[in-house]
Structures are given as C-alpha cells and as structure tokens.
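These notes concern the structure reproduced below.
For ligands, and for the atoms within them, numbers begin at 1 and follow the listed sequence.
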Amino acid sequence: MINVTKTYLPPYEEYEAYLKGIWERNQLTNNGPLVRELEQKIKDYLGVKHCLFVSNGTIAIQLALKVLGVTKEVITTPFSYCATSHSVVWEGCTPVFADILRSDLCIDPQKVEAAITENTQAILATHVYGNPCEVYELQKIADKHNVKLIYDAAHAFGASVDDKSLLSFGDISTCSFHATKVFHTVEGGAVITNNDEYAWLLDRYRSFGHIGDDYLTIGINGKNSEFHAAMGLVNLPKVPEIIAARKAIFDIYDQELNWDKLGRPELSLNTVKNYAYYPVFFESEAALLKVRDALSENQIMPRRYFYPSLSTLKFVTEESTCPISDDFALRALALPLYYDLAHEDVYRIARIVNENL
Ligand SMILES: *Cc1c(COP(=O)(O)O)cnc(C)c1O
C-alpha cells in the first residue's frame, strides 16, 4: 500500500542515544535541556530570533491569536487544513474568509483588503503546500490597515523566499511538527517571531501563565516534552537529505504527468521549495474521482488536500462566498510523496494518472 505520505523514522539507535540522558537527568518535560537545545537549533537553521516549541501546530495558532490580543474578526483562507479556521473559532474570534488565487491557491491579497472592516484585527494566511503567500503584498495591507499578520506555516519548514525562511514573515508564524510533515517531532509545533515582547508573553502563555511561583495571567498547557524534542534533534540534521529525496520524486512527477489535462501551482516569488506536497488540479471533480479510484484499485492512496473548502463548513461560518476555493477543493488531489517512495512507483503512479485522464 502506498499512502499519500509516510512518516520519516531516523535510525533507532540515534533516538535511543538521547533516552539515556533523559533517564539520567530524570527531567521529562517543563522546558528541559533538549527542548531548549532544539529551539536553539531551529532558530539557527531558520535564521529567526525566537522559536517556542509547543505541543502541536494547532495550539501554536491559538497561542499566536492570544498573544496578539485578537478577539474579533480574523481574515483567513478557506483553502487550508481545518486547524487554521478551527483555531480562530476556538479562540472565540470570527473567521472572515477571503478567496484564494488561482495560481497558487494561497489567499488573494486583493480579497483580503476588500474584506477589512473596523472589526478586523488580524490576517491569518496559510502557505499552502509550502508555497509562499504574497508575503510582501500582505505585509503592506497589514501595515496600511494596522492589523496583525499571522502565517500558518505548517507546511513551510525548509522553504524560503528571497533567501529568507518563510517562517520569518509576518508578526508571528506558526509551524506544525506533526509526524506527517517534512520535519517532525512525532507531535509538536512552534511559534516563531522576531518580536521580543511577543516571545516573552508566549513563553508565559504556553505554561499556564506562570512567572516563577506566581501567575501573570491565564495561560494554557502548550509545552512539549524531552521525548518529542529528542525526535526533533535527531531529525533536524536530516532535513536537507529528506528535502533532496522529495525533490527527486517531485521532478519525476513534473516530467511524467500529462500537463495538457492537469494543472499545478504556479509561484510568483523567488522561492526555494521544500517539496512538502505534490498537488495536481483536475479539470473536474469527476475527473479527479476517476483517477483516485484507479489509483486506489492499485493500493495507491492519494489525498484530497484541501477538501472541503473551509468556507462551506456550517459550524465555522454561516455565510461565505469563495467560489475559487470551493472549485479547487473539488479538483485538487495530492499524490504520494515521501522520502523513500521508490522511483519506479512514482513512474507507475504517473502512468496510472495519465491513463485515466
Ligand atoms: C498540519 C496542519 C496544522 C495542524 O498541525 P498539528 O500539529 O497537527 O496540530 C495546521 N495547519 C495546517 C495547514 C496543517 O497542514
């Protein structure tokens, strides 16, 4: 069986080597030395000032909204994983959906600006498939209207624009280190910012609001453990080789698939990709379903990323018109892509796709 993704597992001995130290120190969590070491190494790798390792990528978004004091309207994308808009609703804010660009399926800056009202406090945009949003345009709009800019950069670890990590844009970027992502810590995530004050507050918020024995404010438990940090420390040095292996597979799909009948994201900025996903866009949902069925008959399981369009979830929003997102949600399919997917299987997948178009 070939799934859309497969978790990277490092050599067992490399992980085991970290366990000995955890047993010797008898400190399993609460900002232990491995957590601090991982945070430092991620900061160095990404070239960012602050990185707070947290329990997952969803709580990272919630912490970002909390620390920026966002309580009202958040303009966000309908084309993302549900964690993006669910976090907004969970924080008691109102998601306002702005439609996406046809080129790369990231949020459309013009639609963002048109959606701004006096209640808008933040923009929450996703770098879909690890491809960059219009980061310069969005920053201009955020500055002009004095609203905060948050990126859900869950897909973007290892990707950059103009030689800057995608995780360094906006007031705050969040990341997921879930087992299915390019870089993972089993479960985990990060809140990344260059702002000292936000970083200090985030550190309080992720740990019940503690300052020493006292409390600054209400907080939550967003910490992560030494065991998760250890997985991150083993996996981080492998990221370049994982990305290179993914690129080789990406290139085969690029070369083999029938582009007369398929679409793919087109990027406008000067980008270094992380090859996080391999999405293709079909001419119709019927065309997608035909190919998906043919693949699944061969034990190949692609995944509809992202489906459905978040703007159609009634528990998220009562009314929303995002026709481009609604349309692409029906036609976008992510093909299998992971570090050790055999190249002969990639050729076979491309052949089955082409034969069923
Ligand atoms: C994976 C993902 C998340 C959630 O991350 P978790 O670590 O699973 O909580 C959020 N947003 C996007 C776009 C994702 O793909």
Q: Just jot down the ligand 1 atoms closer than 4.0 angstrom to any heavy atom of Gly57, in number order.
A: 5 (O), 6 (P), 7 (O), 9 (O)

(Q) Please determine whether residues Leu236 and Tyr338 belong to a single hydrophobic cluster, defined as Ile, Leu, Val, Met, Phe, Trp and Tyr linked transitively by side-chain heavy-atom distances below 4.5 Å. (A) yes

(Q) Counting only heavy atoms closer than 4.0 Å, does ligand 1 sit against the backbone of Lys181, its side chain, both, or neither? (A) side chain

Q. Should the ring pair Tyr129 and Phe306 be called parallel, tilted or perpendicular, given that the plane angle runs from 0 to 90° and is split at 30 and 60?
A. parallel

Q) For atom 15 (O) of ligand 1, what's the nearest protein heavy atom and its distance? A) His155 NE2, 2.7 Å

(Q) With a heavy-atom distance limit of 4.0 Å, tell me whether Asp152 approaches ligand 1 through its side chain, its backbone, both, or neither. (A) side chain

Q. Near Asn56, which atoms of ligand 1 are under 4.0 Å from a heavy atom of that residue?
A. 7 (O), 9 (O)

Q) Can an N or O of Phe306 be found at a distance shorter than 3.5 Å from an N or O of ligand 1? A) no

Q.
If you take the centroid of each ring, where Trp contributes its six-membered ring, are Phe208 and Tyr215 closer together than 6.0 Å?
A. no

Q.
Taking the basic N atoms (NZ, or NE/NH1/NH2) and the acidic carboxylate oxygens, is any pair closer than 4.0 Å for Glu285 and Arg304?
A. yes

Q. Which is closest to atom 5 (O) of ligand 1 in terms of heavy atoms, Gly189, Ala179, Ser176?
A. Ser176

Q: Within a distance under 4.0 Å of any heavy atom of Gly188, pick out the atoms of ligand 1 and give their elements.
A: 7 (O)

Q | Under the side-chain contact (heavy atoms from CB on, under 4.5 Å) test, residues paired with Ala83 that sit two or more places apart | A | Thr58, Tyr81

Q. Numbering the atoms of ligand 1 from 1, which are under 4.0 Å from a heavy atom of Ala83?
A. 3 (C), 4 (C), 10 (C)

Q) Which of the numbered atoms in ligand 1 are below 4.0 angstrom from a heavy atom of Ser80? A) 13 (C)

Q: Please say whether more than 12 non-hydrogen atoms of neighbouring residues, nucleotides or ligands are located less than 6.0 Å from CD in Gln110.
A: no

(Q) Measuring from non-hydrogen atoms of Ser87 to any atom of ligand 1, is the shortest distance under 4.0 Å? (A) no

Q: Measure the acute angle between the ring planes of Phe157 and Phe177, then classify it against the limits of 30° and 60° as parallel, tilted or perpendicular.
A: perpendicular

Q. What protein heavy atom is closest to atom 9 (O) of ligand 1, reported as residue, atom name and distance in Å?
A. Thr58 OG1, 2.6 Å

**Q.** Test salt bridge (charged side-chain N to carboxylate O under 4.0 Å, His left out) applied to Asp254 and Arg264, Lys247, Lys273, the passing residue
**A.** Arg264

